[in-house]
Student: 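Below are the structure tokens for one structure; questions will follow.
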Amino acid sequence: MPRGFLALTKLKLDKPKMKIKKKRKPKTLQTSIEQDQDSNFAFNLKQTSSSSLTHLPIQPLGNLLLGPNCRTNLRDTGLGNLYRLPDDLLLDILSLLGATDLAGFSTASKSAYVFSSHDPLWRSLVLSNFDGQFSFIQSWKCTYISSLTGKPPSMPKSLKIANFYSDYLFQSYLCTNMEFKSEWLKRDDIQRRRGLSVEEFISCFEEPNKPVLLEGCIDTWPAIKKWTRGYLLETCSGTEFAVGPVKMPLEKYFQYSDSVQEERPLYLFDPKFADKVTQLGSDFDVPVYFREDLFSVLGKERPDYRWIIMGPAGSGSSFHVDPNSTSAWNAVIKGSKKWILFPPEVVPPGVHPSPDGAEVACPVSIMEWFMNFYGSCRDWEKRPVECVCKAGEVIFVPNGWWHLVINLEESIAITQNYVSRRNLLNVLDFLKKPNASVLVSGTNDCINLHDKFKNAIDAKYPGLINQLKLKAEEKAAKQKKMTFWESAADSNSGGFKFSL
């Protein structure tokens, strides 16, 4: 047993008790939920979840101040000197332990048991130890035991835990079990178009770099009718797809997605699906608006550009900008997705990109972002564009736009990133940035991709890049407006000129 773990288990239970002068009747989760349905802090739990704090070992820290008899927080007394560590830091430390040490730590105290039972810890252990060769059972902890022993885990005797207060752990529980609030779905202000010509799409949306939701343009896709679960299981039998950091066959992924309930569900997101199962690639074609894809000049050397996406309700992608300054389209085949999009010049609240753009810190889950930040966008001058994209609909995501996506139900979609004449210069500028080695993605040759792409464009479309540069310069000059002082100043003398 490592020395670090021994240090963790030597707990000193000498923290003084907290004195609470005021005593109030504690609020259960159910009463706080139903109290005010319009409040930003009012939430409903899913029907499969326990609806009262009396059934939970974890309560929000504020309830400690309202408890009639509680004088101490089991979280602190049960951790000894480790109580000084913030919950997230303590969990980060526990994530360094193996399964045996983590299980050993859980026997130190009831508080240690609660922390070591945090399911994301066991999820990491399952994914790192068993890759995608596991069958999900009840929880990640049970799944680990089952995968290790080859048989279902026996149910342990219930451990009575009371007076444990932690905002961090409680919010994780709440984000896992709460229903998506109806007020988060009310705003739908994206432009919707049906029967749009390619010329109108370019002039109204692609050139001005504005999102749009397109209706009716994939009605003829075979995938719309064919892609049932049965068809996919039969067609993709024996094929493994990328799911987070592992690869899984569809039957195991569906087993997981049918039974899991967690804050950040695993997302099936595979860029090689059409190569693995050619029939899937034959069941759809690129909508007419996006058929000019200049990255195709690179042939097999082009970066990853299309993905099949599957996931249960609650799965999705937190805020990001699409790779390599490309634009994208996303077509929903089954289910529905909630989209939040911010223009390139507006960084979403709660998102912190590094100065060079190489990293984006978004330390909250999708549900937590809606809980803590969605309401603050109401008063912004530049509010986000929002919509729900349903089966049979396609959303155009312009280059540089921040976007968040969450599945409102089990969903299947196809997405593709592309380069047209409208964003070619942006892509070339992006690929030649000094830190291209960390910015560019989807290829093993990040540094040389710019030169390869530019040379291939020059070979197939001679003079195109220069034409686009000239057009961009003319457009910039035309859009530039002179200020009052610019119009009043005499450019030759540096003084002012007035017309009398």
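We count residues from 1, following the sequence as given.
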Student: Judged by modelled atom types alone, do E206 and S327 share a side-chain donor-acceptor pair under 3.5 Å?
Tutor: no

Student: Looking at Y168 and P86, would you say the former's side chain and the latter's main chain have a donor-acceptor pair under 3.5 Å?
Tutor: no

Student: For D189, is the CG atom crowded, meaning more than 12 foreign heavy atoms sit under 6.0 Å from it?
Tutor: yes

Student: For the CD atom on E301, are there more than 12 heavy atoms of other groups (residues, nucleotides or ligands in this structure) within a distance under 6.0 Å?
Tutor: no

Student: Tell me, please, which residues at least two apart from D304 pass side-chain hydrogen bond (donor to acceptor under 3.5 Å, both in side chains).
Tutor: K272

Student: Any chance you could lay out the side-chain contact (heavy atoms from CB on, under 4.5 Å) test for C217 and V288, step after step, and finish with the verdict?
Tutor: CA-CA 8 Å; C217 62; V288 64; 5.9 Å; no

Student: Give, for atom CD1 of I447 and atom OG1 of T443, the distance between the pair rounded to the nearest 0.5 Å.
Tutor: 11.0 Å

Student: Does a side-chain N-to-carboxylate-O contact under 4.0 Å join D270 and K276?
Tutor: yes

Student: Could you report the tightest heavy-atom contact between F319 and V351, atom names first, then the distance?
Tutor: CB-CG2, 3.7 Å

Student: Can you name the closest pair of heavy atoms from W380 and P349 and give their distance?
Tutor: CH2-CD, 3.4 Å

Student: Which donor-acceptor pairs under 3.5 Å do the side chains of residues 465-473 make with protein atoms, sequence neighbours left out?
Tutor:
none

Student: Should the ring pair W184 and F180 be called parallel, tilted or perpendicular, given that the plane angle runs from 0 to 90° and is split at 30 and 60?
Tutor: perpendicular

Student: How many angstroms lie between atom SG of C389 and atom CD of E215, to the nearest 0.5 angstrom?
Tutor: 9.0 Å

Student: Do side-chain atoms of W402 reach the backbone of I340 as a donor and acceptor pair under 3.5 angstrom?
Tutor: no

Student: What is the ring orientation for W140 with F136, classed by angle as parallel under 30°, tilted 30 to 60°, or perpendicular over 60°?
Tutor: perpendicular

Student: Say whether, by atom type as modelled, one donor and one acceptor occur between the side chain of D283 and the main chain of L280 under 3.5 angstrom.
Tutor: no

Student: Hey, does the side chain of R306 reach the backbone of I414 with a donor-acceptor pair shorter than 3.5 angstrom?
Tutor: no

Student: Are any non-hydrogen side-chain atoms of L121 and S124 less than 4.5 angstrom apart?
Tutor: no

Student: Look at the aromatic rings of F273 and F284 and report parallel, tilted or perpendicular, splitting at 30° and 60°.
Tutor: parallel

Student: Does D293 use its side chain to pair, donor to acceptor, with the backbone of V419 at less than 3.5 Å?
Tutor: yes

Student: May I have the step-by-step check of side-chain contact (heavy atoms from CB on, under 4.5 Å) for E345 and K382, ending in yes or no?
Tutor: CA-CA 10 Å; E345 68 273 15; K382 291 187 177 181; 3.0 Å; yes

Student: Show the nearest heavy-atom pair for residues N426 and N399, with the distance to one decimal.
Tutor: ND2-OD1, 3.6 Å

Student: Is there a side chain to side chain donor-acceptor pair (under 3.5 Å) between T235 and Q279 once you walk through the steps?
Tutor: CA-CA 8 Å; T235 306; Q279 182 59 47; over 6 Å; no

Student: Considering residues, nucleotides and ligands other than K390, do more than 12 of their heavy atoms fall under 6.0 Å from its NZ?
Tutor: no

Student: Does E410 pair with R229 as a salt bridge, N-O distance under 4.0 Å?
Tutor: yes

Student: If you define the side chain from C-beta out and look only at heavy atoms, does anything of F342 sit under 4.5 Å from C377?
Tutor: yes

Student: For Y418, run the ring pair (Phe, Tyr, Trp, His ring centres under 6.0 Å) check against W329, F290, Y289 and tell me which one passes.
Tutor: F290

Student: Of all heavy-atom pairs between I395 and C387, which one has the smallest distance, and what is that distance?
Tutor: CD1-SG, 3.8 Å

Student: Can you list everything that forms a side-chain contact (heavy atoms from CB on, under 4.5 Å) with S317? Sequence neighbours excluded, please.
Tutor: Y267, H320

Student: Looking at every non-hydrogen atom in both residues, tell me the closest pair between W401 and N209 and how far apart they are.
Tutor: NE1-O, 3.0 Å

Student: Show your working on side-chain contact (heavy atoms from CB on, under 4.5 Å) between L428 and I457 and close with a plain yes or no.
Tutor: CA-CA 11 Å; L428 288 172; I457 289 291; 5.9 Å; no

Student: Does the side chain of I224 reach to within under 4.5 Å of the side chain of D219, using non-hydrogen atoms?
Tutor: no

Student: Start with the C-alpha gap between Q261 and T176, add the side-chain angles, then the distance that decides, and say whether side chain to side chain donor-acceptor pair (under 3.5 Å) holds.
Tutor: CA-CA 6 Å; Q261 191 163 298; T176 298; over 6 Å; no

Student: Could you state the interatomic distance from NZ (K247) to OG1 (T239), rounded to the nearest 0.5 Å?
Tutor: 11.5 Å

Student: Can you tell me how far CG of L298 sits from CG of N455, rounded to the nearest 0.5 angstrom?
Tutor: 10.0 Å

Student: When rounded to the nearest 0.5 angstrom, what distance separates OG1 in T143 from CG in L125?
Tutor: 12.0 Å

Student: Using side-chain hydrogen bond (donor to acceptor under 3.5 Å, both in side chains) as the criterion, list what pairs up with Y374, not counting sequence neighbours.
Tutor: E386

Student: Measure from the side-chain N and O atoms of E292 to the backbone N and O of R421, and report whether any donor-acceptor pair falls under 3.5 Å.
Tutor: yes

Student: Can you list the steps and then say if F453 with L294 is a side-chain contact (heavy atoms from CB on, under 4.5 Å)?
Tutor: CA-CA 9 Å; F453 185 37; L294 297 178; 4.2 Å; yes

Student: With a 4.5 Å heavy-atom cut-off, do P211 and V397 have their side chains touching?
Tutor: no

Student: Just by modelled atom types, is the K141 backbone N or O under 3.5 Å from a matching donor or acceptor in the D119 side chain?
Tutor: yes

Student: Going by atom type alone, with no hydrogens or angles, which donor-acceptor pairs under 3.5 Å involve a side-chain atom of residues 193-201 and a protein atom two or more places apart or on another chain?
Tutor:
{"residue": "R193", "atom": "NH2", "partner": "Q191", "partner atom": "OE1", "Å": "3.2"}
{"residue": "S197", "atom": "OG", "partner": "E200", "partner atom": "N", "Å": "3.1"}
{"residue": "S197", "atom": "OG", "partner": "E200", "partner atom": "OE1", "Å": "3.2"}
{"residue": "E200", "atom": "OE1", "partner": "S197", "partner atom": "N", "Å": "3.1"}

Student: Do K433 and D429 sit within salt-bridge range, that is, some charged N less than 4.0 Å from a carboxylate O?
Tutor: no

Student: Compare all side-chain heavy atoms of Y305 with those of T326 and state whether any distance is below 4.5 angstrom.
Tutor: no

Student: Backbone N or O of Q255 within a donor-acceptor pair of the S259 side chain at under 3.5 Å?
Tutor: yes

Student: Could you check whether D285 and W221, counting side-chain N and O atoms only, form a donor-acceptor pair closer than 3.5 Å?
Tutor: yes

Student: Are side-chain heavy atoms of I58 and Y173 found at a separation under 4.5 Å?
Tutor: no

Student: Is there a side-chain contact between S139 and W122, using heavy atoms and a 4.5 Å cut-off?
Tutor: no

Student: How close do V246 and L127 get, heavy atom to heavy atom, and via which atoms?
Tutor: CG1-O, 3.7 Å

Student: Report the residues that fulfil side-chain hydrogen bond (donor to acceptor under 3.5 Å, both in side chains) with D167, sequence neighbours left out, ordered by chain and then residue number.
Tutor: none

Student: Less than 4.5 Å apart, side chain to side chain, heavy atoms only: is that true for P323 and N417?
Tutor: yes

Student: Got a second to check how far D458's CG is from K460's NZ, nearest 0.5 Å?
Tutor: 13.5 Å

